[in-house]
Amino acid sequence: MNHFSIFAPLNFSNRINKEKMEYNFAEIEPKWQKYWEENKTFKTTDDFSKPKYYILDMFPYPSGAGLHVGHPEGYTATDIFSRYKRMKGYNVLHPMGYDAFGLPAEQYAIQTGTHPAITTQKNCDNFRRQIKAIGLSYDWDREINTTDPKYFKWTQWIFKQLYNTWFDENLQKGRPIAELPIPEEIKASGKAAVTKYMDEKRLAYYDNAQVWWCDSCKTVCANEEVLTDGSHEKCGHPVVRKNLKQWLLRIPHYAERLLQGLETLDWPAGVKDMQRNWIGKSTGAEVDFEMEGLSEKLRVYTTRPDTLFGATYMVIAPEHALIEKITTPEQKAAVEKYQQQAALKSDLDRTDLAKEKTGVFTGRYAINPVNKKLIPIWVADYVLMGYGTGAIMAVPAHDTRDFEFATEFNIPIICILDPKDVAGRDDILAGKKCWTEDGEYINSASEETGLNINGLNKAQGIKTTIEWLERKGIGKATTNYKLRDWLFSRQRYWGEPFPVIHWEDGEVTLVEDENLPLELPEVEKYLPGETGESPLVNSHDWLMVTDKNGRKGRRETNTMPQWAGSCWYYLRYIDPHNEKEIFDVKKEQYWMPVDLYVGGAEHAVLHLLYSRFWHKVLFDLGIVSTDEPFQKLFNQGMILASAYETANGAKVASDLVEEKNGKFFHTETGEELKQIVAKMSKSLKNVVNPDDVIERYGADSLRLYEMFMGPLDERKPWAENGVKGVFNFLNRVYRFFTELENITDGEEDKEVEKLLHQTIQKVEFDIEHLKFNTGISALMIFNNLAIKKGKVTKNTAETFAKILAPYAPHMAEELWSLYGHKETLAYEPWPEVNQSLLVEDTFDYPVSFNGKTRYMKALPVGLPVAEVEKEVLADERTQKWLEGKSVKKMIVVPGRIINVVVG
RNA sequence: GCCCAGGUGGCGGAAUUGGUAGACGCGCUGGAUUCAAAAUCCAGUUCUGGCAACAGAGUGCGGGUUCGAUUCCCGCCCCGGGUACCA
């Protein structure tokens, strides 16, 4: 590799042939990629003496389609950051892997009979090739794959930890199931009762569950995977309800911890908000209502116990357990009919028909505890059994849903909260309009019960009422969460098998650690059954087990969802080849938490919530050392592309579009088309493949353009001309900085030297703040000046190569070696900014009159304000703006601006 | 409906968060080079008027605060993301 030296035969003076001076990225880039690979340049050592930095990408699902330009966006950003941090002296962990379990490989297997492992292997190889072609500085020795038994051995092991953990409400902490206190009466009831009691406390449990079922994928899916329109996130087909025996994880136990933890994280506010909304904490009270003629009480949950005086009816969900008892004989038929209708409606319909409220009277009355008034109990499907107690007190005057219902069924509306100075107050007081904001209570006192909140505001009213309820023993302050148990099994082949055996006597045991991993059996058919059983049931030898006492058992045939592998992969990178432990404790303590995590916003509540949950359990069990896994999170914006549509909005695939004089036409119909910006998609044929970009412009251009497009976190359209722009920049860099005649000895030009240091500072600041677009702009500005000046010193050229390196590493290595260095510049210290060079003697003040800038005036820095004013008034250009007017005031902001107020 | 982001030239986007709006790049216009083209180099490019100097307008719309507003406040409009009868 003698091309590393300027004294070698390839040196500049011999390069007379112009063609040799051209920027030949196709030769340079593979050369450096080979160098990095052969020298293991980016191999990370566990050198605990150095400060660490863990920079993580969301690992990809290796689809058959390969990478699209959206992948390298985040990967390039983290790569720039990683390369920069290495030059800053950090020990950087920057790994890559594959989240390779999942449906597409299995669908392909169903169609072709090809084992998903083969498809997966092929796709991973392709992804690796594509990623390496971008010149990303991963430590490839740490590559992981969630489908590798050596990896999912530990996924199964973590499942066992979840199974063997219960949540101690008092300590707000997960604890080993062995530490679970068993009540004496349970113990007395025998072993089965104890087992049942423990199963009810485990974080992982097996139970009949009303689940979402996707008939297209033949599998269940988690709440989080069902989109707003009731379709499956993976395939877009509508999901339906089904009752199946399933594994679930008790994530709601961690609701409060998951909520609290957000406060400590440097995450985008939007993602935190989404997680908060998803967890959905609400505080209020549970209140017991007596019912006329029944001994049972009806318990409701409300966030507004203060509005009890305004409760004019009650509503129970159609599935409510007490519905039969509550319903009077006269209303039985009507209620049963309503129940049937509700059962027939899918959940989707129930929410879709949100506009029209439906319901039926049960015939029964409840007694309002605050004033002993009788109020009717209705059944309506706008009350959901799955939240709170499945029953509410309805306060139509102060709740919009109750207001709609009451209006529909002519139920009294009593205003108890005076909004005071608000337009429409009279309507509100008359119960003709709903008021949900604060105000002052009226009609809220009862001598009989002793509660009086008249005159108080909302906060006081809630507090006073809850105190009253608790004193009376008919209610208590309660917190509710929307977060539900996480449905954790899928009826598929291509996933982690559960390390679980169901024995003929009903006992459930877990596979011993030494028998992990439990690998997937070979099967002939990958098609899942219609009934919700995975293809694993067909693998008899694998399925049936017998213990040493001859007891027969059957393995769990569900597999884990794709989230399982991605829940903890960041931990395995720390010690990926450890066969004895999930990872070495010392290494975990050194590397965790992840310092920077970059990926798409689509994982805001799925992966990122699940991961945090698992991590907190592992933390409680003392397996990991941090409470949260990802300290800083950054979402890259989606990359969009041009697309075309007809006048009536029909999309047209890009290969059916031709351009004429800046306008676009349909090649078949000749219709003029509108150019729009849309997501890249196969159907629109507007997907940009990084391979093509690299072939035409090189990896450094791809990297540079991905970063130059705009702010990392914003969505932005791909434009080929933009790639040409950065390619042009690299050409100019190459032409100038590889021409030895331009690289001189001696003193640097003052202007060049000053801009160089400004550029170092700007590039550094922008990398630290992930503002890569403006960093590149600064590099361009410096390059433009260097070219204009025609020469720079060798020291300047080398410094420029260093600050260019994180962005365009191939180019930078090429320059560095041409300047005579034999080692990579990946670990060269980042240049220091010489602050003294950045100090200005004079500042070019914009002088404005009444806020409008009129001329520029250079004045010495540090000139006293009075002197500045004098100089400005003495300037002849000032006179023009003073004609016929006088100076009223003068604002001088030193080093910023001068504003003369005239009038 | 609610929550969160955003709206700046022909285009992608800058603006050190109250201080020269439009950096940098694309595109376009003119010029140099070339037999010609590509490539490259030089100059110009927010809009309107003017040969120009220069003047006026201008950061979605309407108000406000301020010497000064893309930036802060109030009220709207539009686009994107999330969520949706959660009591």
Side-chain angles (χ1 to χ4, degrees), chain A residues 22 227-228 268-278 280-282 284 300-304 307 315 350-355 357 380-384 386-395 399-402 404-405 480-484 601-602 604-605 635 637-638 640 662 677 704-705 708-711 713-726 728-729 731-732 735 761-762 765-766 769 771 773-781 783-784 787-788 844-856 888-893 895-903:
Chain A
E22 286 306 308
L227 300 181
T228 321
V271 176
K272 287 191 187 184
D273 277 335
M274 280 165 71
Q275 293 217 349
R276 280 190 201 105
N277 288 338
W278 195 263
K281 181 178 181 173
S282 83
V300 303
Y301 172 71
T302 176
T303 54
R304 297 292 306 272
T307 59
V315 186
R350 255 169 94 160
T351 49
D352 242 18
L353 297 171
K355 281 159 196 99
K357 291 268 186 297
D381 64 6
Y382 82 92
V383 171
L384 308 173
Y387 185 79
T389 61
I392 62 160
M393 64 175 207
V395 185
D399 180 285
T400 50
R401 295 150 303 183
D402 298 345
E404 278 174 37
F405 190 86
N480 260 310
Y481 300 91
K482 288 189 213 172
L483 191 64
R484 306 296 160 80
E602 66 274 17
V605 284
N635 294 128
M638 193 182 295
L640 308 170
V677 168
L704 233 30
Y705 179 61
F708 190 61
M709 290 174 84
D713 54 354
E714 268 168 42
R715 46 165 46 207
K716 40 207 176 283
W718 185 270
E720 170 114 12
N721 276 338
V723 190
K724 283 185 199 162
V726 293
N728 216 352
F729 162 66
N731 268 296
R732 284 161 59 84
R735 272 197 297 273
Q761 190 172 48
K762 175 72 176 157
F765 180 90
D766 285 351
H769 294 85
K771 291 170 68 165
N773 52 335
T774 49
I776 293 169
S777 157
L779 290 166
M780 286 172 168
I781 293 168
N783 187 47
N784 288 345
I787 289 170
K788 199 170 152 193
D844 212 13
Y845 277 98
V847 182
S848 52
F849 293 82
N850 289 341
K852 281 218 176 285
T853 305
R854 296 304 179 179
Y855 66 84
M856 304 301 291
K888 283 190 164 173
K889 197 175 172 182
M890 225 165 152
I891 312 279
V892 177
V893 184
R896 286 277 194 202
I897 199 170
I898 298 162
N899 189 22
V900 187
V901 186
V902 297

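Remember, it's a predicted structure, so these values are computed and weren't measured experimentally. Chain letters run A, B, ... following the sequence lines, proteins first and then strands; every chain starts at 1.
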**Message:** Using OP1 and OP2 only, check whether a side-chain N or O of Asn784(A) sits under 4.0 Å from G25(B).
**Reply:** yes
**Prompt:** What orientation do Phe849(A) and Tyr855(A) show, parallel under 30°, tilted 30 to 60°, or perpendicular over 60°?
**Reply:** tilted
**Prompt:** Between Lys889(A) and C67(B), is there a side-chain N or O to OP1/OP2 distance below 4.0 Å?
**Reply:** yes
**Stem regions touching RNA chain B, defined by at least 3 consecutive Watson-Crick or wobble G-U pairs below 3.5 angstrom** = B:1-4 with B:80-83, B:10-12 with B:24-26, B:27-32 with B:40-45, B:46-49 with B:54-57, B:60-64 with B:72-76
**Message:** Suppose we call a contact any N or O donor and acceptor under 3.5 Å apart; does that hold for the side chain of Lys888(A) and the base of C67(B)?
**Reply:** no
**Message:** By the 4.0 Å heavy-atom rule, please label Val893(A) as base, sugar-phosphate, or nothing.
**Reply:** base
**Prompt:** Would you say a side-chain N or O of Asn277(A) is under 4.0 Å from OP1 or OP2 of A84(B)?
**Reply:** no
**Fill in**
Side-chain contact check for Arg854(A): nearest option of G12(B), A14(B), A55(B) is A55(B)
**Item:** Under 4.0 angstrom between Lys716(A) side-chain N/O and G25(B) OP1 or OP2
**Value:** no
**Asked** Quick one: is C24(B) close enough that its OP1 or OP2 comes under 4.0 Å of any side-chain N or O from Thr774(A)?
**Response** no
**Message:** Less than 4.0 angstrom between a side-chain N/O of Tyr387(A) and OP1 or OP2 of A87(B), yes or no?
**Reply:** yes
**Request:** Classify the ring geometry between Tyr705(A) and Trp718(A) as parallel (under 30°), tilted (30 to 60°) or perpendicular (over 60°).
**Result:** perpendicular
**Item:** Presence of Arg896(A) side-chain N/O under 4.0 Å of U16(B) phosphate oxygens OP1/OP2
**Value:** no
**Request:** Describe the nucleic acid contact of Asn721(A) in one word from base, sugar-phosphate, nothing, applying a heavy-atom distance below 4.0 Å.
**Result:** sugar-phosphate
